[in-house]
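Here is the naming used below: chain letters follow the sequence lines, and residue numbers restart at 1 for every chain. Worth knowing before you read on, the calculation uses all heavy atoms, side chains too, and leaves out hydrogens, waters and symmetry mates.
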Amino acid sequence: MTETRLRFPPSPTGYLHIGGARTALYNWLYAKQTGGKLVLRIEDTDTGRSSAESIKGIIDGLDWLGIDYDEGPYFQTDFETDHIAASQRLLTSGAAYKCFCSKEELDAKREAALAAKKPLGYDRSCRNLSTEEITAKDVAGIPSVVRFKVPDRNGLLGYDDKIFGRIEAAYSEIDDFVIVRSNGKPLYLLCNVVDDIRDRITHIIRGQDHMTNTLKQVMLYEALKAPLPIFGHMPLTLDTKKAKISKRSHGEIVAVQFYRDNGFIPWAFNNFLALLGWSAGNDQEFFSKEELIRDFSLERINKSSAIFNYKKDDPKFITDPKAIYFNEHYLRTMAISELGQMVRKELEAENLWQECYASDRKVWYLDTLALIRDRFHTLKDFTSLGRAYFSDNFIVDSKPLDKNVLKFPELQTWLPELAARYEMLAEFTLEATEKAARELAEELAIKPGILINAMRTVVTGQLAGPSMFDIVLAIGRETVVRRLRDVGKYFKLV
RNA sequence: GUCCCCAUCGUCUAGUCAGGUCCAGGACAUCGGCCUUUCACGCCGACAACACCGGUUCAAAUCCGGUUGGGGACGCCA
């Protein structure tokens with residue numbers, strides 16, 4: 001049994017988007033499952049559209065997701081001599097021929113066919129040129145491209161798709177496609193096959209948009225006398241209007257980078273992506289990395305395309321609600337120490353990180369994260385909604401400010417009074433802080449909720465949060481007292 | 001226009017290959033309820049789908065044919 005070898009060959013013409021990420025993930029999973037290798041190959045033969053920035057974006061994106069590769073990145077342009085040699089072989093063996101039709105001519109024909117609603121294929125005018133004619137045109141300096149000569153056969157051309165099953169089409173339906181440009185540069189269909197042969201790729205898992213390419217490439221493998229790899233075409237990811245997802249028409253929301261920048265947990269996002277078009281055949285939705293590698297299978301990939309369910313300008317969900325749901329799940333259930341590492345990066349970016357959180361205050365740090373994470377959706381929430389736990393420099397939300405504080409001007413004396421009592425407490429415990437607050441409320445003949453909600457507001461800036469006295473202990477006596485005493489400042493602003 | 005592919009709740013899907021256990025199960029979202037000093041979490045419940053038409057069969061979401069709908073491809077892009 002030979003080693004399985006897979007590849008992820010993005011063209012560096014934009015950032016890594018979720019469709020590409022899903023393709024990379026499925027290839028990665030299959031490689032890991034079979035103990036094979038994953039090759040990263042940058043297909044940069046379209047020099048006009050390829051950019052270094054894009055290459056970096058793709059590599060960073062894979063890195064963030066944790067999709068590692070065993071070989072590469074290789075660059076397709078580094079193998080141009082291989083591609084040209086292959087085209088020569090095809091030319092000499094008669095599997096390909098020179099075509100002298102000009103681009104303008106072809107474009108005109110295509111447009112005419114489109115307008116007339118006729119088939120758009122190449123009319124094969126140069127297919128049967130004699131040696132003399134070819135030489136004459138060459139001598140005359142007429143530019144030519146190299147076209148693959150689709151065999152003149154009656155039967156069906158086909159292959160067994162791991163996902164879709166047997167795929168077939170009549171030879172007569174396939175165009176004599178161009179494999180080398182008139183400037184001598186080989187094209188994708190050829191380069192891709194030559195590289196896959198050289199890289200000894202055994203399984204090609206790619207988007208359904210390549211299905212017609214595959215039919216053509218099957219002939220290329222045959223002409224190049226190379227064994228055919230196993231193909232599997234993944235249904236595309238569509239938007240809610242069922243249009244193919246692309247960076248161009250959908251913007252940031254489909255870029256992997258968006259999820260990194262918005263506080264998503266890498267594995268949560270992989271898990272979401274994996275379930276977008278695949279299921280284990282049961283009700284399981286959450287998979288650890290090991291489980292997913294073990295349970296993943298090409299055969300269970302759904303044949304119909306999945307919709308990435310995000311709604312533009314939705315006030316409640318910045319992206320597909322299910323993606324957020326997966327993120328929340330991991331946020332709440334992952335090992336707290338691991339979460340601690342991730343939140344650390346967020347705190348550092350906001351200048352809120354303190355070294356003691358990794359040493360003498362480590363227990364406090366992790367306990368605090370455990371206390372507040374239940375209500376959060378992304379890693380970003382720790383520095384926004386949870387800012388008051390790490391800094392005095394937090395914003396008090398206007399809604400609770402109006403509702404819980406400004407509505408009761410007497411709080412300007414009540415809260416400082418509570419602060420004074422907290423200062424006097426012999427033991428600053430859950431029971432003692434709650435008792436003190438309730439006693440004060442009773443003395444004042446007000447509902448404890450008034451005091452408690454006001455506390456929550458000035459201490460955390462938020463309308464909602466964990467149990468108030470857990471908060472008090474987490475934030476600590478000194479800070480709580482200071483914030484309670486400072487309540488007057490909110491009234492002055494009005 | 002031609003070719004290829006697909007079709008179960010709003011979304012992701014189980015069930016389809018081996019027809020009956022499915023008047024279709026789970027999850028997200030939505031809506032209600034419980035819990036609660038708040039808000040979440042959690043728990044409980046509700047809403048909600050086999051695209052359509054024919055055929056085969058004692059029996060069809062499942063098999064066959066057609067229709068419709070959707071997607072993809074048809075580049076000297078990848």
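- Among the protein residues, G465(A) comes within range of the nucleic acid bases, having at least one heavy atom under 4.0 Å from a base atom.
- Seen from the ring of Y122(A), R147(A) counts as a face-on cation partner, given the 6.0 Å and 45° thresholds.
- For the pair E168(A) and R438(A), nearest-nucleotide mapping onto RNA chain B gives the more 5' position to E168(A).
- A donor-acceptor contact under 3.5 angstrom links the side-chain atoms of K322(A) to the base of A27(B).
- Rounded to whole Å, the separation between the P atoms of U11(B) and U16(B) comes to 22 Å.
- In this structure, P448(A) reaches neither bases nor backbone, as no heavy-atom distance under 4.0 Å exists between it and the strands shown.
- Comparing U38(B), U11(B), G26(B) by their closest approach to the side chain of N309(A) singles out U11(B).
- You'll find a donor-acceptor pair under 3.5 Å spanning the side chain of S467(A) and the base of U37(B), going by distance alone.
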Name the pairs: protein N/O against N/O of nucleotides 69-72 of chain B, kept only if under 3.5 Å.
none

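- The separation of A27(B) from G19(B), taken at their P atoms, amounts to 29 Å, rounded to a whole angstrom.
- Taking H83(A) as the reference, Q76(A), F79(A), P186(A), C191(A), V194(A), D195(A) meet the side chain to side chain contact (heavy atoms under 4.5 Å, CB included) condition, with sequence neighbours excluded.
- Projected onto RNA chain B by closest heavy-atom contact, E43(A) and F308(A) fall at different nucleotides, the more 5' of which corresponds to F308(A).
- With U38(B), C3(B), G75(B) as the choices, the nucleotide that has an atom nearest any side-chain atom of R110(A) turns out to be G75(B).
- Of the N and O atoms on the side chains of N327(A) and H377(A), not one donor lies less than 3.5 Å from an acceptor on the other residue.
- Y97(A) and D176(A) share a donor-acceptor pair across their side chains, judged by distance under 3.5 Å alone.
- Residue L187(A) is in sugar-phosphate contact alone, with no base atom involved, counting any heavy-atom pair closer than 4.0 Å across all strands shown.
- Using a 3.5 Å distance cut-off with no hydrogens or angles, the side chains of Y259(A) and T319(A) do pair a donor with an acceptor.
- Nucleotides G25(B) and C9(B), compared at atom P, are 14 Å apart to the nearest Å.
- Counting any heavy atom pair closer than 4.0 Å across all strands shown, F177(A) reaches no nucleic acid atom.
- With no hydrogens or angles considered, a side-chain donor-acceptor pair links R206(A) and T214(A) at under 3.5 Å.
- The pair K109(A)-E111(A) does not meet the salt-bridge criterion, since no charged nitrogen lies less than 4.0 angstrom from a carboxylate oxygen.
- Between T45(A) and the phosphate of C77(B), there is no side-chain N or O to OP1/OP2 separation shorter than 4.0 Å.
- Contacts of K185(A) with the nucleic acid, taken as non-hydrogen atoms under 4.0 Å apart, are absent.
- Across C63(B) and A14(B), the matching P atoms stand 14 Å from one another, rounded to whole Å.
- Contact annotation for R206(A): no contact, since no heavy-atom pair falls under 4.0 Å across all strands.
- The side chain of Q76(A) has A78(B) as its nearest neighbour among A29(B), A78(B), G26(B).
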